[in-house]
Amino acid sequence: HTKLMVVDGRSVIGAGYNLQYAHYPKDHPSGLGKDKADLGLELTGPVAQTTLRAYDDLWAASTAVYCANLDPDSRYLWMLSCQTRPATAAHVPEVLRYYVPDSAGNAFALHRTQKFAEADQASYQALISADSSIDTIQVNFTLQLICDLNVLLEVCNFTNRIDPLGAMMSAVENNGASLRILLKESPIDGVVNKIAIKAFQDVLETKGLSDRVDIRYYNGTLVHSKTTLIDDEILLVGSQNFHYSAWGDNGLTEFNLVTDDPAAIEDFQNDFEYEWERAIPVD
């Protein structure tokens, strides 16, 4: 589920968006744009080498496909020339150089797989440590998988939370942090989100903390972002949803970039405030 790119071992992009037409505006010349809104983060510096190791980890665990004949005029006959082989990661020396960033900002990469989930703990600890604010834009905001059944019959509550939701609740209750959560309202994602929203709000009301959390629905274009700003100091951008498929022992492979770079944080703040003012309050 990762969305990352490393260029020359120097620059890296970590994002929530896929390489697909849907993320183009509707007036794109292709006619296939759908105005899907998303965010990515581009950084230059040593973090690119960390990301290159993450990419190599994915590449080495894959199967390479070699096709001797890629003649487009052959229609589908080119597939007859394809063979599979074990993938190997190799780079020219220039790609393995460390580059010094232009800014004084710090950055690191969080690469999680089913075998190595330390990135989950890093994200969890960042959220639970928030002592003033969390601003997040998410396409997904869910409890555990079984809680999807709450659409028909209430079978679980906030005790069935996933880690990021528990961490945010802890930050509110124990640290006094304020949350602003911007979510997708519809179609299917929105239905599941509403289950978690209700469970989250029920706990807040019971604890007398409802005034510290504001949840709104993204207005206008389809939202696909997975981005969080903690205490106006630490920004996480990447592919990892607040969704049961992205955390725990059976979670997907995910990738996030984290930075305290002032320019990146300011860009996110400007975007967030614009979308927040346009957003639709949750009933």
note = Heavy-atom nearest pair, Ala177 first then Ala130, reads CB-O, 3.7 Å
request  = Look at the side-chain heavy atoms of Ile, Leu, Val, Met, Phe, Trp and Tyr, link any pair under 4.5 Å apart, and say whether Leu127 and Phe141 land in one connected group.
outcome  = yes
inquiry  = Please tell me whether Trp276 and Tyr274 are part of a single hydrophobic cluster in this structure, the criterion being side-chain heavy atoms less than 4.5 Å apart.
reply    = no
key: Backbone of Gly166 reached by a side-chain donor or acceptor of Ser170 within 3.5 Å   = no
request  = Applying side chain to side chain donor-acceptor pair (under 3.5 Å) between Gln240 and each of Thr253, Thr228, Asn256, report the one that passes.
outcome  = Asn256
request  = Could you tell me whether the side chain of Asp260 and the main chain of Asn106 form a donor-acceptor pair under 3.5 Å?
outcome  = yes
remark   = Sorted by chain and number, sequence neighbours left out, salt bridge (charged side-chain N to carboxylate O under 4.0 Å, His left out) with Asp135 holds for Arg180
inquiry  = Using only atom types and a distance under 3.5 Å, with no angle test, would you say the side chain of Asp35 pairs donor to acceptor with the backbone of Lys26?
reply    = yes
note = Result for side chain to side chain contact (heavy atoms under 4.5 Å, CB included) between Tyr217 and one of Val282, Leu182, Ile181 points to Val282
inquiry  = Test of understanding: with side chain to side chain contact (heavy atoms under 4.5 Å, CB included), list the residues that count as partners of Tyr55, not counting sequence neighbours.
reply    = Leu4, Trp59
inquiry  = Could you tell me if Gln114 and Asp249 have a donor-acceptor pair between their side chains, going purely by distance under 3.5 Å?
reply    = no
inquiry  = Under a 3.5 Å distance rule, please check whether Asp231 uses its side chain to pair with a backbone N or O of Glu233 as donor and acceptor.
reply    = no
task = Consider only side-chain heavy atoms of I, L, V, M, F, W and Y, link residues closer than 4.5 Å, and tell whether Met168 and Val192 are in one cluster.
result = no
request  = Would you mind reporting whether Ser123 and Leu110 have side-chain heavy atoms less than 4.5 Å apart?
outcome  = yes
inquiry  = So does Asn69 get a backbone contact from the side chain of Ser81, meaning a donor-acceptor N/O pair under 3.5 Å?
reply    = yes
Minimum heavy-atom distance Leu43-Ala107, with the two atoms named = CD1-CB, 3.6 Å
query = Once you round to the nearest 0.5 Å, how far does CZ of Arg161 lie from SG of Cys156?
reply = 12.0 Å
task = Check whether any side-chain N or O of His224 sits under 3.5 Å from a backbone N or O of Gly16 as a donor-acceptor pair, and report yes or no.
result = yes
Approximate separation, where rounding is to 0.5 Å, of Tyr17 OH and Asp38 CG = 8.0 Å
key: Least distance between heavy atoms, Leu235 atom then Ala264 atom   = CD2-O, 3.8 Å
ask   = Taking only residues two or more places apart in sequence or in another chain, which ones pass salt bridge (charged side-chain N to carboxylate O under 4.0 Å, His left out) with Asp214?
value = Arg216
Parallel, tilted or perpendicular, as decided by the 30° and 60° cut-offs, for the rings of Phe255 and His111 = tilted
task = Decide yes or no on side-chain contact (heavy atoms from CB on, under 4.5 Å) for Thr227 and Leu236, but give the supporting numbers first.
result = CA-CA 6 Å; Thr227 308; Leu236 292 83; over 6 Å; no
ask   = Within a reach of under 6.0 Å around CG of Leu77, are more than 12 heavy atoms found that belong to other residues, nucleotides or ligands?
value = yes
ask   = For residues 187-207, which residue pairs qualify under side-chain hydrogen bond (donor to acceptor under 3.5 Å, both in side chains), counting only residues two or more places apart or in two chains?
value = Asn140-Asp189, Glu173-Lys207, Lys184-Asp189, Lys198-Asp202
request  = Answer yes or no: is there a side-chain heavy-atom contact under 4.5 Å between Leu152 and Asn150?
outcome  = no
message = A side-chain contact here means heavy atoms from C-beta on lying under 4.5 Å apart; do Met5 and Lys3 qualify?
response = no
message = Checking Trp78 against Cys67 for the side-chain contact (heavy atoms from CB on, under 4.5 Å) test, could you report, in this order, the C-alpha distance in whole Å, the side-chain angles of both residues, the deciding distance, and whether it holds?
response = CA-CA 7 Å; Trp78 62 268; Cys67 302; 3.8 Å; yes
query = Under the side-chain hydrogen bond (donor to acceptor under 3.5 Å, both in side chains) rule, what pairs show up with a residue in residues 4-14, not counting sequence neighbours?
reply = Ser11-Thr44
task = List the steps, then state whether side-chain contact (heavy atoms from CB on, under 4.5 Å) holds for Leu183 with Ile197.
result = CA-CA 10 Å; Leu183 300 174; Ile197 290 170; 3.7 Å; yes
ask   = Hey, any chance Ile162 and Leu143 share a hydrophobic cluster, counting ILVMFWY side chains that come within less than 4.5 Å of each other, even indirectly?
value = yes
ask   = Just wondering, do Ile280 and Glu185 contact through their side chains at under 4.5 Å, heavy atoms?
value = yes
task = Determine whether Phe158 and Met169 make a side-chain contact, defined as any pair of heavy atoms from C-beta on separated by less than 4.5 Å.
result = yes
ask   = Passes side-chain contact (heavy atoms from CB on, under 4.5 Å), Ile13 versus Leu41? Steps please.
value = CA-CA 6 Å; Ile13 296 175; Leu41 179 61; over 6 Å; no
From CG (Asp57) to OG1 (Thr113), nearest 0.5 Å = 6.5 Å
inquiry  = Taking Ile230 as the starting point, is it possible to reach Ile128 by hopping between hydrophobic residues whose side chains are less than 4.5 Å apart?
reply    = no
query = Is any side-chain heavy atom of Leu229 closer than 4.5 Å to a side-chain heavy atom of Ile134?
reply = no
ask   = CG of Leu32: more than 12 outside heavy atoms within 6.0 angstrom?
value = yes
key: Minimum heavy-atom distance Gly176-Arg212, with the two atoms named   = CA-NH1, 3.3 Å
Point-to-point distance, once rounded to the nearest 0.5 Å, from OG1 of Thr136 to CD1 of Ile215 = 11.0 Å
ask   = Rounded to the nearest 0.5 Å, how far apart are CG of Leu39 and CZ of Phe268?
value = 7.0 Å
inquiry  = So which atom in Phe200 and which in Leu165 form the shortest heavy-atom distance, rounded to 0.1 Å?
reply    = CE1-O, 3.7 Å
message = Between Tyr218 and Glu275, is there a side-chain donor-acceptor contact under 3.5 Å, judged purely by atom types and distance?
response = yes
query = Quick one: are Pro86 and Ser62 in side-chain contact, heavy atoms under 4.5 Å?
reply = no
request  = Return yes if some donor-acceptor pair links the side-chain N/O of Ser74 with the main-chain N/O of Leu70 below 3.5 Å, else return no.
outcome  = no
inquiry  = Please find the pair of heavy atoms, one from Cys82 and one from Val65, that lie closest to each other, and give the distance.
reply    = CB-CG1, 4.1 Å
request  = Could you note down all residue pairs passing side-chain hydrogen bond (donor to acceptor under 3.5 Å, both in side chains) where residues 86-95 supplies at least one of them, sequence neighbours left out?
outcome  = Asp56-His91
request  = Would you check if the side chain of Asn157 reaches a backbone N or O of Thr159 as a donor-acceptor pair within less than 3.5 Å?
outcome  = yes
inquiry  = Can you tell me how far apart SG (Cys147) and CD1 (Ile195) are? Round to the nearest 0.5 Å.
reply    = 7.5 Å
request  = Run through Asn160, Asp148, Asn250 and flag the one making a side chain to side chain donor-acceptor pair (under 3.5 Å) with Tyr244.
outcome  = Asp148
query = Is there a side-chain contact between Pro164 and Tyr124, using heavy atoms and a 4.5 Å cut-off?
reply = no
